Amino acid sequence: MNSSGQILHGSQDGVEILCYKGDIRHTLCVALDRYLQTLMDKKDLKGFVVDLTQAESVDSTNLGILARLARVMQKEGLPKVTLISDQPDINELLEAVGFDRVFDIVETREGALAKLSEIPVTTSGDVKTTQLLLEAHRALMALNEANRVQFQDVVKAFETALED
């Protein structure tokens with residue numbers, strides 16, 4: 001498998017689809033965040049599916065972005081985001097950060113996926129990236145006490161970096 005990560009996107013009957021491939025690291029977070037911001041402005045959004053079956057790993061920043069997405073969907077009264085993962089190590093990670101409480105996690109996808117396009121990697125200034133890293137980790141901390149303890153030092157480091 002190709003270890004450099006990419007995130008593909010598509011839409012099917014009002015349901016947005018993300019497909020993670022390879023090693024999903026914070027270098028993809030700016031592009032993903034921008035893409036999700038545009039989707040959240042859509043009035044006809046019916047749901048969200050994130051396919052992790054081709055992901056090799058997902059870092060904490062991208063998990064935090066997914067946690068933020070789950071919270072937004074909940075606030076808007078939309079269905080829980082569905083995560084598709086058939087990989088024991090990723091499933092263990094999802095459960096460890098409490099995703100089993102805020103997402104519907106399934107092992108297989110029903111039907112074929114719509115045509116997907118890659119979300120192009122974009123960069124932004126260091127401050128914007130650091131702010132996004134901070135927000136993502138705060139979202140993870142908000143899920144449960146174990147995450148709060150695990151990520152509090154990371155959040156403090158990002159807060160300090162933004163103060164400088």
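On a predicted model such as this, the values are computed, not experimentally measured, just so you know.
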(message) Per the salt bridge (Lys or Arg N to Asp or Glu O under 4.0 Å) rule, what does the pair list look like for residues 131-154, sequence neighbours excluded?
(response)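 Every pair satisfying salt bridge (Lys or Arg N to Asp or Glu O under 4.0 Å) with a residue in residues 131-154: Arg68-Glu135, Arg138-Glu159, Glu145-Arg148.
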
(request) With Leu66 as reference, evaluate Val102, Val50, Leu36 under the side-chain contact (heavy atoms from CB on, under 4.5 Å) test and give the passing residue. (result)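 Only one of Val102, Val50, Leu36 forms a side-chain contact (heavy atoms from CB on, under 4.5 Å) with Leu66, namely Val50.
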
(request) Would you indicate whether Gln152, at its atom CD, is surrounded by more than 12 heavy atoms from other residues, nucleotides or ligands within a distance under 6.0 Å? (result)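 Enclosed.
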
(request) Using a cut-off of 6.0 Å, state whether more than 12 heavy atoms not belonging to Gln37 lie near its atom CD. (result) yes

Minimum-distance pair of heavy atoms, taken over all atoms of [X] and [Y]:
{"X": "Ala70", "Y": "Phe103", "value": "CB-CZ, 3.6 Å"}
{"X": "Ala142", "Y": "Arg71", "value": "CB-NH1, 4.0 Å"}
{"X": "Ile65", "Y": "Cys29", "value": "CD1-CB, 3.5 Å"}
{"X": "Ala139", "Y": "Gly64", "value": "CB-O, 3.5 Å"}
{"X": "Ile90", "Y": "Ala55", "value": "CD1-O, 3.4 Å"}
{"X": "Gln131", "Y": "Leu162", "value": "OE1-CD1, 3.2 Å"}

Are the side chains of [X] and [Y] in touch, meaning some heavy atoms are under 4.5 Å apart?
{"X": "Glu107", "Y": "Ile84", "result": "no"}
{"X": "Leu140", "Y": "Ser60", "result": "yes"}
{"X": "His26", "Y": "Leu133", "result": "yes"}
{"X": "Leu83", "Y": "Phe99", "result": "yes"}
{"X": "Asp86", "Y": "Thr108", "result": "no"}
{"X": "Val49", "Y": "Leu18", "result": "no"}
{"X": "Leu28", "Y": "Tyr20", "result": "no"}
{"X": "Leu94", "Y": "Ile105", "result": "yes"}

(request) State, without any angle test, whether Asp104 and Thr82 hold a side-chain donor-acceptor pair at a distance under 3.5 Å. (result)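 No, because no side-chain N or O of Asp104 sits under 3.5 Å from a partner of the opposite role on Thr82.
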
(request) Check the side chains of Arg25 and Ser57 for a donor-acceptor pair under 3.5 angstrom, ignoring hydrogens and angles. (result)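 There is such a pair (donor and acceptor under 3.5 Å, judged by atom type) between the side chains of Ser57 and Arg25.
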
(request) With sequence neighbours excluded, tell me which residues meet ring-ring contact (aromatic ring centres under 6.0 Å, His included) with His9. (result) Tyr35

(message) Evaluate Met73 against Lys80 for side-chain contact (heavy atoms from CB on, under 4.5 Å), listing each step before the verdict.
(response) CA-CA 7 Å; Met73 295 290 282; Lys80 280 185 179 180; over 6 Å; no

(message) With side-chain contact (heavy atoms from CB on, under 4.5 Å) as the criterion, how do Val15 and Phe48 come out once you've worked through the C-alpha distance, each side chain's angles and the decisive distance to 0.1 Å?
(response) CA-CA 5 Å; Val15 175; Phe48 233 104; 5.8 Å; no

Spacing of [atom1] belonging to [X] relative to [atom2] belonging to [Y], to within rounding of 0.5 Å:
{"X": "Asp59", "Y": "Asp23", "atom1": "CG", "atom2": "CG", "answer": "8.0 Å"}
{"X": "Ser11", "Y": "Asp44", "atom1": "OG", "atom2": "CG", "answer": "7.5 Å"}
{"X": "Arg34", "Y": "Thr38", "atom1": "CZ", "atom2": "OG1", "answer": "11.0 Å"}
{"X": "Leu78", "Y": "Lys75", "atom1": "CG", "atom2": "NZ", "answer": "13.0 Å"}
{"X": "Glu95", "Y": "Ser85", "atom1": "CD", "atom2": "OG", "answer": "11.5 Å"}
{"X": "Gln12", "Y": "Lys115", "atom1": "CD", "atom2": "NZ", "answer": "13.5 Å"}

(request) Examine distances only and state if a side-chain atom of Gln87 and a backbone atom of Thr53 form a donor-acceptor pair shorter than 3.5 Å. (result) yes

(request) Quick one: do Lys21 and Ile7 satisfy side-chain contact (heavy atoms from CB on, under 4.5 Å)? Show the steps, please. (result) CA-CA 6 Å; Lys21 291 186 174 191; Ile7 302 174; over 6 Å; no

(request) Please step through side-chain contact (heavy atoms from CB on, under 4.5 Å) for the pair Leu134 and Val155, ending with a clear verdict. (result) CA-CA 6 Å; Leu134 172 62; Val155 166; 3.5 Å; yes

